Amino acid sequence: MTPEEQLQILTAGTAKVLSEKELLEKLRLGRPLRIKFGVDPTAPDIHFGHTVPLEKLRQFQLLGHQAVLLIGDFTATIGDPSGRSVTRPPLTRDEVLANAETYTDQAFKILDKDKTEIVYNGDWFRKLAYEDILRLNSRVTLQQMLQREDFRNRIEAGQEIRLHELQYPVMQGWDSVEIRADVEIGGTDQLFNMLVGRDLQKEEGQAQQVVVALPLLEGLDGVKKMSKSYGNYVGVNDAPNDMFGKLMSVSDILMARYYQLLLGETLDPAGHPMEAKKALAEKLTSRYHGAEAGSAAREDWDTRFSKKDLAAAELPELPLADLPADLNVLSLTAYGFKAAFALEKSNGELRKQFITTGSVQLNGEKLTDPNAAVSIAAGDVLKLSKKHAVRFI
RNA sequence: GGGCAGGUUCCGGAGCGGUCAAACGGGGCAGACUGUAAAUCUGCUGGCUUACGCCUUCAAAGGUUCGAAUCCUUUCCUGCCCA
């Protein structure tokens, strides 16, 4: 593949590349480039938003370049201040290592493990003496650091910035020197840190890395960035049916984004949107759970939602023995939500929202009277809402 | 340190002694329609109650009053201006 063709693939879906010209020049060198991607193993829960840079890294890998996955075991104990409005609590070393392992397990569902070099930045940072650190710091000015938007905002807002937080960009920059990175990949929130890498490489007489910034993935609502705290995420550890279902609920516009950023593919505008969405959901589910689970999730979705055949669908199962003693429609519904989905609904909500609207159905029969007595037999299917149903056994 | 404006239910934002569980908008949830899409429409959105009603909420603590989110005092916090 020509450098020009590679460039086109590699810049697709990116938010910013500094610069495309330099990237093209590097591609023309004809040798495998060293592509750095650094992760902070600060949280064990990984969602699809985190996989966007990995997808780009894989593209580089497929084109024959060397992926270098940097585990920020050392920097994680500081906490990246990027985009943060408060100082992050430091993690213990054990937490960091455990998180790192979880992370790599997930990452290799996307990356080719055998062709990925893993490095830990503790390997060099732990060896630095105080005088080395001072020397490193002497190359970056306070003014440069203060250009950062999040630092600036915190100063303006009168919020504290601890001195060690200023070290973070310097350290990330130094990682690039140690790795001799040709390219660094990261989210747009990493732009500043990645640029520091260029400065330090220049100081060290190295060629400067090209910075590839990727957009932050929108969450399921299509508006806010994907984040656990917004509840709009798809976790890579979500159960196959959950993952499939969540992906089916995205809007058409968002689907095109997901194609681009999660699959590295372009959505064919000629196809039927629902078919395209099922294909997206199946591919992603298969990636994390295997092809078998992927197609099973699709089949189950079809029986449950396309054919609306709840009886044949795979549902959470509740034993008859655990049913509440005073069984009526209201207590049954409350029990279903609580036992199968861990959702605590108030009686008022159950009555007004779920029962009287006809949302609650037993084997297809609407149960609209909260106080009506019900009897449940094995095999009965209780539909609580469009998205929630259980089977009794 | 001085002056001014504020802190209301998930968010924004009305209310400024009783008719306030608190307008309106957003968000969320449920239903209809659909492709678990979008758009649209309907309902719900503190808790308990079939309901009458009761209970807990309007930064915190006290107080005035038959009665307070609304008035007074103190405390905490926020924004703007001056030094």
Side-chain angles (χ1 to χ4, degrees), chain A residues 85-86 153-160 218-234 238-259 267-282 284-285 297-310 312-316 326 328-334 336-338 341-362 364-374 381-390:
Chain A
S85 53
V86 290
N153 289 345
R154 278 161 70 177
I155 289 171
E156 280 173 19
Q159 288 167 332
E160 66 174 24
E218 294 89 348
L220 293 170
D221 56 24
V223 180
K224 288 182 283 212
K225 72 167 184 178
M226 186 175 283
S227 149
K228 197 178 180 193
S229 54
Y230 293 140
N232 62 357
Y233 70 103
V234 186
D238 282 356
N241 286 357
D242 280 350
M243 189 180 280
F244 196 97
K246 281 183 183 179
L247 289 166
M248 285 308 288
S249 76
V250 303
S251 72
D252 291 357
I253 295 167
L254 193 59
M255 169 169 64
R257 288 283 285 170
Y258 281 16
Y259 258 92
L267 173 66
D268 177 9
H272 190 286
M274 193 185 59
E275 282 306 316
K277 206 186 283 181
K278 284 182 182 176
L280 171 78
E282 183 174 351
L284 288 170
T285 306
R298 178 174 180 145
E299 269 176 46
D300 194 66
W301 193 89
D302 280 339
T303 39
R304 187 162 170 191
F305 296 107
S306 295
K307 297 177 195 155
K308 300 198 190 304
D309 184 4
L310 272 183
E314 191 181 309
L315 301 173
D326 52 335
N328 58 26
V329 172
L330 183 65
S331 64
L332 177 70
T333 308
F337 270 115
K338 185 160 186 259
F341 305 101
L343 294 171
E344 294 275 5
K345 305 274 184 192
S346 72
N347 286 346
E349 191 179 3
L350 291 172
R351 249 193 273 272
K352 283 184 273 193
Q353 214 121 306
F354 294 92
I355 297 174
T356 53
T357 58
S359 174
V360 176
Q361 299 172 10
L362 183 64
E365 295 286 318
K366 290 183 181 179
L367 303 176
T368 53
D369 179 2
N371 299 314
V374 278
V381 170
L382 180 70
K383 175 169 168 266
L384 300 165
S385 78
K386 227 183 225 179
K387 301 178 185 180
H388 302 276
V390 297

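Lettering of chains follows the sequences in order, A, B, ..., and the numbering in each one begins at 1. Keep in mind that this is a model prediction, so the values were computed, not measured.
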### Message
Using Watson-Crick or G-U wobble geometry with both distances under 3.5 Å, which nucleotide pairs with B/C33?
### Response
none

### Query
Of the non-hydrogen atoms in A/Leu315 and A/Leu310, which two are nearest, and what is the gap between them?
CD1-O, 3.9 Å

### Message
Could you tell me how far apart A/Asp238 (CG) and B/U36 (P) are, to the nearest whole angstrom?
### Response
20 Å

### Message
Once you apply a heavy-atom cut-off of 4.0 Å, does A/Phe354 come out as touching a base, just sugar-phosphate, or nothing?
### Response
sugar-phosphate

### Query
How far does the C1' atom of B/C16 sit from the matching atom of B/C71, given to the nearest Å?
10 Å

### Task
Please determine, for B/G46, whether a Watson-Crick or G-U wobble partner exists with both distances under 3.5 Å, and give it or none.
B/C55

### Message
From CD of A/Glu344 over to P of B/C48, roughly how many Å is that when rounded to an integer?
### Response
11 Å

### Query
The side chain of A/Met248 lies closest to which of these nucleotides: B/C44, B/G31, B/U36?
B/U36

### Message
Give me the distance, rounded to whole Å, that separates B/C80 from B/C44 when you measure between the C1' atoms they each carry.
### Response
40 Å

### Task
Looking at every strand, decide which applies to A/Lys277 at a 4.0 Å heavy-atom threshold: base, sugar-phosphate, or nothing.
base

### Query
Is there a side-chain polar atom (N or O) of A/Asn347 under 4.0 Å from OP1 or OP2 of B/U49?
yes

### Task
Side-chain contact test, heavy atoms from C-beta onward, threshold under 4.5 Å: evaluate it for A/Glu218 versus A/Leu254 and give yes or no.
yes

#### Entry: Inter-nucleotide P distance (B/A69, B/U19), Å rounded
10 Å

### Query
Taking for each residue the nucleotide of RNA chain B with the nearest heavy atom, is it A/Asp221 or A/Asn371 whose nucleotide lies nearer the 5' end?
A/Asp221

### Query
When you check the gap from the basic side-chain N to the acidic O, do A/Lys278 and A/Glu299 get nearer than 4.0 Å?
no

### Task
Would you mind reading off the distance between A/Lys246 atom NZ and B/A37 atom P, rounded to a whole angstrom?
16 Å

### Message
Partner lookup for B/C10, please. Criteria are Watson-Crick or G-U wobble with both distances under 3.5 angstrom; report none if nothing qualifies.
### Response
B/G26

### Message
Could you report the tightest heavy-atom contact between A/Met226 and A/Tyr258, atom names first, then the distance?
### Response
CE-OH, 3.4 Å

### Pair assignment for B/A21, Watson-Crick or G-U wobble, requiring both distances under 3.5 Å
none

### Query
When the ring planes of A/Trp301 and A/Phe244 are compared, do they come out parallel, tilted or perpendicular, using 30° and 60° as the limits?
tilted

### Message
Looking at A/Tyr233, I'd like to know if the NZ or CZ of A/Lys246 sits under 6.0 Å from its six-membered ring centre while staying within 45 degrees of the ring's axis.
### Response
yes

### Task
Using the P atoms only, state how far B/A21 lies from B/A39, rounded to an integer number of Å.
36 Å

### Message
I'd like the P distance from B/U8 over to B/U70, given in whole Å.
### Response
13 Å

### Task
Determine which nucleotide pairs with B/A39, using a 3.5 Å limit on both distances of a Watson-Crick or G-U wobble pair.
none

#### Entry: Out of B/C48, B/G31, B/C29, whichever nucleotide has its closest atom nearest the side chain of A/Ser346
B/C48

### Task
Measure from NZ on A/Lys387 to P on B/G28 and round the result to the nearest Å.
10 Å

### Task
Please name the pair of heavy atoms, one in A/Asp252 and one in A/Pro273, separated by the smallest distance, quoted to 0.1 Å.
OD2-CB, 3.9 Å

### Query
For B/G1, which nucleotide in any strand shown is its Watson-Crick or wobble partner with both distances under 3.5 Å?
B/C82

Counting only pairs under 3.5 Å, give me each side-chain donor-acceptor contact of residues 347-354 of chain A, with atom names and distances, residues two or more places apart or in other chains.
none

### Message
Please report the distance separating the C1' of B/A59 from the corresponding atom of B/G6, rounded so that it comes out in whole Å.
### Response
11 Å

### Query
Under the 3.5 Å rule, do the base of B/G35 and the side chain of A/Asp252 count as making a donor-acceptor pair?
yes

### Message
Starting the side chain at C-beta, find the nucleotide from B/G31, B/U36, B/G28 nearest to A/Gln353.
### Response
B/G28

### Query
Using a cut-off of 4.0 Å on non-hydrogen atoms, how would the nucleic acid contact of A/Gly358 be classed: base, sugar-phosphate, or nothing?
nothing

### Task
Please figure out whether A/Lys345 or A/Ser306 has its closest RNA chain B nucleotide nearer the 5' end.
A/Lys345

### Message
Without decimals, in angstroms, what is the distance between A/Leu350 CG and B/C44 P?
### Response
17 Å

### Query
Taking atom C1' of B/G31 as reference, at what distance in whole Å does atom CG of A/Leu384 sit?
15 Å

### Query
Within the structure, does a side-chain N or O atom of A/Arg351 lie under 4.0 Å from either OP1 or OP2 of B/C48?
no

### Task
Could you state the atom-to-atom distance from CD1 of A/Ile355 to C1' of B/C29 in whole Å?
15 Å

### Task
Look at A/Ser251 and B/A38 and indicate whether a side-chain polar atom (N or O) is within less than 4.0 Å of OP1 or OP2.
no

### Query
Can you find a donor-acceptor pair, distance only, under 3.5 Å between A/Lys352 side chain and B/U50 base?
no

#### Entry: Assigned partner base of B/U73, Watson-Crick or wobble definition, under 3.5 Å
B/A61

#### Entry: Length of the line joining A/Phe244:CZ and B/U36:C1', which is rounded to integer Å
11 Å

### Query
Using the P atom in both, what is the distance from B/U36 to B/C52, to the nearest Å?
39 Å

### C1'-based separation of B/U78 from B/G31 [nearest Å]
42 Å

